[in-house]
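Everything on this sheet refers to the single structure shown next.
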Amino acid sequence: MNIETVAVIGAGVMGSGIAAQVANAGKKVLLLDRVPEGASNKNILAESAIEKLLKVKPAALMHKRNAKKIQPGNLEDNLADLAEADWIIEVIIERLDLKQALYKKIEAVRKPNCIVSSNTSTLPLADLTAGLSAEFNDHFVITHFFNPPRYMRLLEIVEGPTTNPEALDTLIQFCDFALGKGIVKCNDTPGFIANRIGAYWMQTALLEAFRLGLSVEEADAISGRPMGIPKTGVFGLMDLVGIDIMPHVLKSMVHSLPKTDAFHQQAKIPELVTKMIEDGYTGRKGKGGFYRINKAHGTKVKESINLATGEYAGSQKPALASLQGPVVKDLKKLLSFDDKGGQFAWSVLAKTLCYSASLVPEIGDDINAIDRAMKLGYNWTYGPFELIDKIGVDWFIAKLKADNYPIPPLLMTAAEKTFYRYDNQQHQCLSLNGDYQTISREKGVLLLSDIKQNQTPIERNASASLWGIGDGVLCLEFHSKMNAIDPNILQMIATAIKSIPGQCKGLVLYNEADNYSVGANVGLALFAANVAAWPQIEAMVKSGQDTYLALKHAPFPVVGAPSGMALGGGCESLLHCDAIQAHAESYIGLVEVGVGLIPAWGGCKELLTRWTNNPRRAKGPMPAISKAFELISTATVSTSATEAKDYLFLSATDGITMNRERLLFDAKNKVLALAEAYTPPEPVELSLPGATARTALNLAVDSFVKSGKATNYDGVIADQLAIVLSGAETDMAERHTEQDILALERTAFIHLLKKEPTLDRLQHMLESGKPLRN
Amino acid sequence: MKNVVIAAYSRSPQTFAFKGALAGVRPDDLAAQVVAGLIKKINLDPKHLEDLIMGCAFPEGEQGFNIARLVGLMAGLPQSVGGVTVNRFCGSSMQAIHMAAGAIQMNAGEAFICAGVESMSRIPMGGFNPMPSPELFKTLPSAYIGMGETAENVAKQYNLSREQQDQFALVSQQKANAAQQAGLFDDEIIAITTANGVVTQDGCIRANTTSEGLAELQPAFLSDGTVTAASSSPLTDGASATLVCTEEFASQHGLQALARIKSIAISGCAPETMGLGPILASKKALQRAQLSMEDIDIVEINEAFASQSLACIQDLNIAIERVNLDGGAIALGHPLGATGARITGKAAALLVREKKQFALATQCIGGGQGIATILEAI
């Protein structure tokens, strides 16, 4: 069976978010909700949910047109339509009686083999399905999504004692391939895995911050990055998810967990927090939370609450000794450091890691699955057992003993070992009996991180490496800071171009950082400009152009496989590939104008060529130029890979992979497919209209400058871009080679780099990470 | 001289470009439905027609290939009826009426359909391939000046405040809304069949406009300017058509003529204040009709912008209560090529409805021109 049509019942934030992700996968979704009392429009709840989906930030839909895939309806008129659904997801409020009543209605109409799941986070599966038919029960599971469903990669699945294995497999395949989720099978225990540990961690950090007298900023600085946790830290996270959620979660956990569970000790809400909730300080959705933005005096000032007094004051950069470089960068040092920051770190981490260890095998007997759940569900860099490995099992046990902590049995099993190891090229993790089990990847999952554990790179320098990924395909990995493109990366591309022909079939540009590449290394450009090293700058630009052009015309196929941001020079690398296999969450754009420059590694040329060759564009000399001009001059960045197709950063035939872990495999397959009878692309020639196009583009820019939508200097940059895209001093009857346009890019780039406002933009970007509007 | 009359007037509903109900309709389809609707309404055998003259400001893409001829064929006119496309930007379809009047005086035909169309959704203002002369742009940059900036120039020159312009826009919305509510457009609108149903009502009118709401808007064209989106006409889709013929032709075919064309005029002006175009054009037309402004009972002035409308009204000393009785382009929209026939047809129809004697229809034109027509009751 395939899942083609999905029904989501419950159009709240989670239900509509899940519906959006199903629509993002290209499938039809029926979104139903109840009819509110006295409503004249019976579909009002589902319809307004879809309207909200179109506005919510970050966007739930990967493309606005995906909203059309969601059919709104109501439970009075559209119940019979559920018969079409291959999968029905119930996402209504957490009340057993209402859920059971709904299931009875579903049971009456669902087609045989239709899978039904609940997104419950608190109710046991056995209670949910009591009194329903065996056929229904066999096709019922819990599918627990995380908010927001598009972006949070974890999906916890709980199966019942009689769940049909084929149905479960169909569902898992769909959620993995189509929805892009990382599936973790869980036991039917309260909070499953991620929220059981995650809620415990949040509560522990909250209470310890109060107990040890840390400020909100201090607690977040310690509980965030040093522990491999997103920099929002614990208070920032609570502001994000809603502070008022916590009492509900605690109530449900306290209700369902045995009195002996350590969770009870952390299930307290400080008085200040109760008062905050009562006063509407529920986080970002309310008047503010532990942080707030004070706009009272015409400016936006970030403020934090004082946990002792409840008063807000301007947020301060924390100055604890434990947050200084050598300590904060070494987790073991931080955990042993004798100030309140170190004490906080140790107390939170010791309790959380011990609690996690104590939950095995109750919540699951696979420690790798538990680590995976925390990484995918809470964006932790390391799962709890990976963290223990990082600080050392024996070091941890010794410190626990010294501080009179009880040692969980699992930790003793791991004594003198590690939770993970590589043995004979096999990645293994510890099982409960002390043996190691090999961690097997799903078919179609290929991770560079696995390859890197077992191989040495074919070539390596400070910024890039070349890896063999099997079947004669190489992978070029960027690993400079933020994957900024620098001479080392260019040199590695040149190396690949030299070494592949005759030896290998093709190349994938891919890495496993959060962002494929944030662009060229602007620090180098700024430095060179400040010392007026113009010949060197020109050579650097030319070298980038030559390298990318050689990549484009290399006698083997090259596939770009971005995930996250692919900006500026990173985007230009993709534009020179034969094909792209993009992760669905790819944010692609030519953003050079933000630093006062224009794309000069062939980006203008390639985007112009793509629009010129686009069969759907309006005919004539201007539309392609206008479109490339618009995209580059406004630094447009796609909000998804799907949207990148609108801008032709991706072509219609480029592939999109929903599941991040399947990206490299898909990209490699694309190389292999292209490698059969591969011929490199022919050099491009374009006819460009010259000064008339520059005049037309400048007329448009002029109106933006005059209306205040662009600055005068934006106009200066746009004029240089107009010169490049119009072909400068030419005429329609002339033909431009790729080299001609590249020469125009170089001239415009150097021209702008010599201007003070461009240097100011570069400086500002390096210092703040944000573009300067000057 | 013969008596040339406007014997009939119809138009499509006018809706916002891109988001309105007509955005998905090809302009040739839209215009053909209006032309066919007009002929059906007056029950005229189209074999008597000499020509279909159609105004269009950006005659390319779906408005290309001599759209007038194609609309004639689509509307079921006999092949013997000609078709010519006219471009005088916003004045295009008033120019179509002028051309028919001229041809009639030359004995070059007795009856003409004078129509106009613009789908601003489907053909961008400026066209798909704007390719200005770099030389002219160097010597006279205002030749290509944006329309919004000209509106700001006029506002400065006539010292028109933001409040005055907003007030003018508000009144236009109120008049249009009242007219729509009273069904005063029902006679002139030809329902348009689209893939998503039949469109019968104007879509640009903002019934809930308030002066507070208008005051909140940011300037649209100059960061320190006074012209906003609300005091400008919106991008619009629409089509219009009139029957222009001799008075004899009308009576022979049982048509109740709406108005006689008394005089016509064109005048050029500075491109950077193109909104003042109606002033000289109207003065010329008045002189040719041997009338003064006090004689004019009904004025249809195209509201490209509130500022230029106010400047012209002030300069020509027009009594405000005689202006745009059912609202103007700020509320109804301004499908460039269609507006001229709409306001001239409207002025003729208003002479009948209001039982008045003289009417003036006038417009400004991008690039620096004005066009005017004076009508007289039958």
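Chain identifiers are assigned alphabetically (A, B, ...) following the order of the sequence lines, protein sequences preceding nucleic acid strands; residue numbering begins at 1 within each chain.
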B:F18 atom CZ: more than 12 heavy-atom contacts under 6.0 Å:
yes
Side chain, backbone, both or neither: which part of A:A693 has an atom under 4.5 Å from a heavy atom of chain B?
neither
Taking atom CD of B:Q181 as the centre, report whether more than 12 heavy atoms of other residues, nucleotides or ligands fall under 6.0 Å from it.
yes
Looking at NZ of A:K706 and CG of B:D224, how far apart are the two atoms once the value is rounded to the nearest 0.5 Å?
11.5 Å
Heavy-atom pair count under 4.5 Å with chain B, highest-scoring of A:S703, A:G620, A:P621:
A:P621
Among residues 123-140 of chain B, residues within the sub-4.5 Å heavy-atom range of chain A, in order of number, are B:F128, B:N129, B:P130, B:M131, B:P132, B:P134, B:F137
I'd like to know whether CD of B:Q218 has more than 12 heavy-atom contacts from other residues, nucleotides or ligands below 6.0 angstrom.
no
